[in-house]
Amino acid sequence: VAMTLYAGMESGIAYFIGTHMTHVLGTESYNSLGLSLFWLLMIPSRYLVGVVKRAPRKMLMLCYVGAAAFILIVILMTSRNALLIGYALMGFFFAPIWPLIMGEAGNLDPANSSRIAGTMTACCGLGGMVSPTVFGVLADNLSLTASLLFVFTITVLGFAMSFIYNRSMR
């Protein structure tokens, strides 16, 4: 479930950055830059999560909180720079979620880590397929803000699952 939600978060945002920026700014001029910054900041973030190996469960919760905060910033802000920074930092906070969840799952049953990784990757495909569809339906029938609130809700659910999991592992 966690990987389905994560893929929903990432694809829900990435597929609609351009649409959102055009809607808010009234121009397509910065769409590619917004999407590029989203992906660009994922690179150092995923590298850092591999280097900093302390408290991965707490780090996962921090990533959900940071991602949720920047989703709200993108919803509330209307300036070009705020949107570019918001999407970039959203990518930074999204990036470690995948490796942190995969690492934790593999640690639960090392003898079956390949099967676990395969199942989780399939779940990612499900989230990556369903979320943009829901996002688009919400955007068409309600608003882009409703779509972004959908991704915010997925992020909060991811945080809640992580919090409950952490409590159960004590």
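Side chains included, hydrogens not; waters and symmetry mates left out as well; all remaining heavy atoms used.
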> Roughly how far, to the nearest 0.5 Å, is CD1 of I73 from CG of L89?
Replying inline: 8.0 Å

> Under 3.5 Å, side chain of T121 to main-chain N/O of A117, donor-acceptor pair present?
Replying inline: yes

> Between F38 and F94, what is the ring plane arrangement, given parallel below 30°, perpendicular above 60°, and tilted in between?
Replying inline: perpendicular

> Which residues satisfy the side-chain contact (heavy atoms from CB on, under 4.5 Å) test with A82, sequence neighbours excluded?
Replying inline: M77, S79

> What are the two closest heavy atoms between G34 and I17, and how far apart are they?
Replying inline: C-CG2, 4.0 Å

> Where is the tightest heavy-atom contact between L60 and S162, given as atom of each residue plus distance?
Replying inline: CD2-OG, 3.6 Å

> Can you list the residues that meet the side-chain contact (heavy atoms from CB on, under 4.5 Å) rule with T22, with sequence neighbours excluded?
Replying inline: E28, N31

> Closest approach of V74 and L83, non-hydrogen atoms and distance?
Replying inline: O-CD2, 3.6 Å

> Would M9 and I97 count as a side chain to side chain contact (heavy atoms under 4.5 Å, CB included) if you check the C-alpha gap in whole Å, the side-chain angles of each, and the deciding distance to 0.1 Å?
Replying inline: CA-CA 10 Å; M9 289 167 44; I97 295 172; 3.7 Å; yes

> Within the distance-only criterion (no hydrogens, no angle test), does the side chain of T119 pair as donor or acceptor with the backbone N or O of R115 below 3.5 angstrom?
Replying inline: yes

> Using 30° and 60° as the class limits, which term best fits the ring planes of Y87 and H20: parallel, tilted or perpendicular?
Replying inline: perpendicular

> When you measure from the side chain of S45 to the backbone N and O of F92, does any donor-acceptor pair fall under 3.5 Å?
Replying inline: yes

>> With side-chain hydrogen bond (donor to acceptor under 3.5 Å, both in side chains) as the rule and sequence neighbours excluded, what pairs involving residues 126-151 come up?
In response: none

>> Can you give me the closest heavy-atom contact between V52 and M59, atom names plus distance?
In response: O-CE, 3.5 Å

>> On a heavy-atom basis, which atom in K58 and which in N166 lie closest, and how many Å separate them?
In response: N-ND2, 4.4 Å

> Just by distance, do the side chain of T4 and the backbone of C123 share a donor-acceptor pair under 3.5 Å?
Replying inline: yes

> If you take all heavy atoms of T155 and A67, which pair is closest and at what distance?
Replying inline: CG2-CB, 4.0 Å

> Has Y15 got more than 12 heavy atoms of other residues, nucleotides or ligands less than 6.0 Å from its OH?
Replying inline: no

>> Rounded to the nearest 0.5 Å, what separates atom CG in L25 from atom CG in L84?
In response: 7.5 Å

